[in-house]
Amino acid sequence: MQHARLKEFPKDFLWGASTSAYQVEGAWNTDGKGPSVIDMSNIVEGTTDFKVTSDHYHHYKEDIALLAEMGFKAYRFSIAWTRIFAKGTGEVNEKGIQFYNNLINELIKHNIEPIVTMYHFDLPYALQERGGWSNRETIDAFENYAKALFINFGDRVKYWLTINEQNMMILHGSVIGTLDKSLKNPEKELYKQNHHMMLAQAKAMKLCHAICPNGKIGPAPNISSVYPASSKPEDILAAMNYSSIRNWLYLDMAVYGRYNSIAWSYMEEKGYTPTIEKGDMEVLKNANPDFIAFNYYNTATVAHSENDDLNTVSTGDQQISDGKPGVYKSSSNPYLQKTEFGWEIDPVGFRNTLRELNDRYNLPLLLTENGLGAFDKLEEGDVINDDYRIDYLRKHIEQAKLAITDGVRLIGYCPWSAIDLVSTHQGCSKRYGFVYVNRDEFDLKDLRRIRKNSFYWYKQVISSNGEKL
Ligand code: BGP
């Protein structure tokens, strides 16, 4: 739909950006922090330098000052569960509480709204050793952790996100580094883990409303529209299949407290259905998210798949996804360009996704990740010419404005990432930030912070409330 006049971004729009603890903080075993599953998985073979990441733990004041200089209204970061409870449960680590108190207070001092992700891939390793999410005790551990967060930070933190990209941990856990490699029947086990994470999330949402009077809480999956490769009816069915397994399974449960029927029939067909214990569905129904936070990088395109299909085509999806025989198979989209890391770029798909989410759930939406990973180059005179990133972000913000004009209730835009950090599985050279962190894959250098061109551009976007793009 073309609009003659576009609506403006709301006055209190949450302009900001995102990071996650294990990707930015470093200090992975400092001040009583315990190891997480990510700390224990070998992301970059032959070095532990990735664990220093951007050393935000020791640079947080300087980093927040830079975010404030850009005029950030909000900053989305995650709390490392193992800083609060080294082993996932037990005694609270006061030094961990102190670090996040300092961080939150520093943000508030600069009028930046803290948006907290409670769990971003970094499950405590001690819990993993006891079965991780396969063990129902992890649900209680998460509830206990959530309670500690709400009690300690709930007086200042208004926006809470439960679990980052639960759907990607289930679908692509081996790439992220969260998959327990000892699992015998991983897919079946993963859907059991998924059920347990859903319960943990539901309990945390209920607890947030009970403990934090001004608290708002929501899930934070990675959501993207799924396109059929053609108008062939079988391709349309395949797109619905994939969207149900990838998107709606997670959000139908978070919002309506029910299993998506197509996803459930897929699990039945494959023998993956989890055991639902007495009382589970009641817990799931009684949780009410206040908004949906979601990460969007690109769309997916899929085609019909026969049972004997070989699904080897890669997409520009979060990770390479080849499809599921008899359900869907991945296809590339000839209308889209790709980043230098092969991810498809689809700003219009962002508007599609926003509209779909709005129609389906009728809740406020908060964009918590969107961005372009690239090999930025530090040039003489401390210049980083990342015009490709500006172009990417500009096009997505334009589509956000169109979606708002379409009637979507978008409350904030927090792209990935505020400053450079370690990528989920592609090291430090894949950069996303507005601020360059001076380090290489294997050389920590001086970790100096340098403003990129996009830094100055985003500053003007925020000060004009999205008018000057
Ligand atoms: C999302 C994760 C982030 C981040 C981002 C970019 O899935 O939530 O943690 O890493 O993707 O992905 P990558 O680092 O693989 O380029």
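Order of appearance sets the numbers: ligands from 1, and atoms from 1 within every ligand.
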[X] heavy atoms, cut-off 4.0 Å: which ligand 1 atoms fall inside?
| X | answer |
| --- | --- |
| Ser423 | 13 (P), 14 (O), 15 (O), 16 (O) |
| Glu165 | 1 (C), 2 (C), 7 (O), 8 (O) |
| Asn164 | 8 (O) |
| Trp343 | 12 (O), 16 (O) |
| Asn295 | 8 (O) |

Please work out, at 4.0 Å between heavy atoms, whether the side chain, the backbone, both, or neither of [X] comes within that distance of ligand 1.
| X | value |
| --- | --- |
| Tyr22 | neither |
| Gln23 | side chain |
| Tyr297 | side chain |

(message) Would the distance check show the side chain of Thr82 and the main-chain N or O of Pro124 forming a donor-acceptor pair, the cut-off being under 3.5 Å?
(response)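 Between the backbone of Pro124 and the side chain of Thr82 there is no qualifying donor-acceptor contact (under 3.5 Å).
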
(request) State whether the side chain of Arg439 and the backbone N or O of Thr53 hold a donor-acceptor pair below 3.5 Å, judged by distance alone. (result)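 Yes, the answer is positive, given that a donor and an acceptor are paired below the 3.5 Å cut-off.
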
(request) Before accepting this row, confirm whether a basic side-chain N of the pair Lys445/Asp440 lies closer than 4.0 Å to the acidic partner's carboxylate O. (result)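 Yes, Lys445 and Asp440 are salt-bridged.
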
(message) I'd like to know if Arg389 pairs up with Asp376 as an ion pair, taking the criterion as any Lys NZ or Arg NE/NH1/NH2 lying under 4.0 Å from an Asp or Glu carboxylate oxygen.
(response)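 Yes.
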
(message) Checking side-chain polar atoms at under 3.5 Å, does Tyr413 have a donor or acceptor matched by the opposite partner on Asn370?
(response)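 Result is yes, a qualifying pair exists.
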
(request) Verify whether one side chain among Thr19 and Tyr75 offers a donor that lies under 3.5 Å from an acceptor in the other. (result)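 Indeed, the side chains of Thr19 and Tyr75 share at least one donor-acceptor pair under 3.5 Å.
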
(message) Less than 6.0 angstrom separating the ring centers of Trp457 and Phe434, yes or no?
(response)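 They do not qualify: ring centres at least 6.0 Å apart.
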
(request) State whether the shortest distance between N or O atoms of Gln426 and N or O atoms of ligand 1 falls below 3.5 angstrom. (result)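 No; the residue has no nitrogen or oxygen that sits under 3.5 Å from a nitrogen or oxygen of the ligand.
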
(message) Evaluate Ser20 for polar contact with ligand 1, using N/O atom pairs at a separation under 3.5 Å.
(response)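 There is no such contact.
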
(message) Between ligand 1 and Tyr432, can you find any atom pair, the residue atom being a heavy atom, that is separated by under 4.0 Å?
(response)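 It does; at least one heavy atom falls under 4.0 Å.
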
(request) Report yes or no: does a heavy atom of His425 sit under 4.0 Å from some atom of ligand 1? (result)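 Yes.
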
(message) How long is the straight-line distance from CD of Glu62 back to CZ of Arg449, given to the nearest 0.5 Å?
(response)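 Reported to 0.5 Å precision, the distance equals 5.5 Å.
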
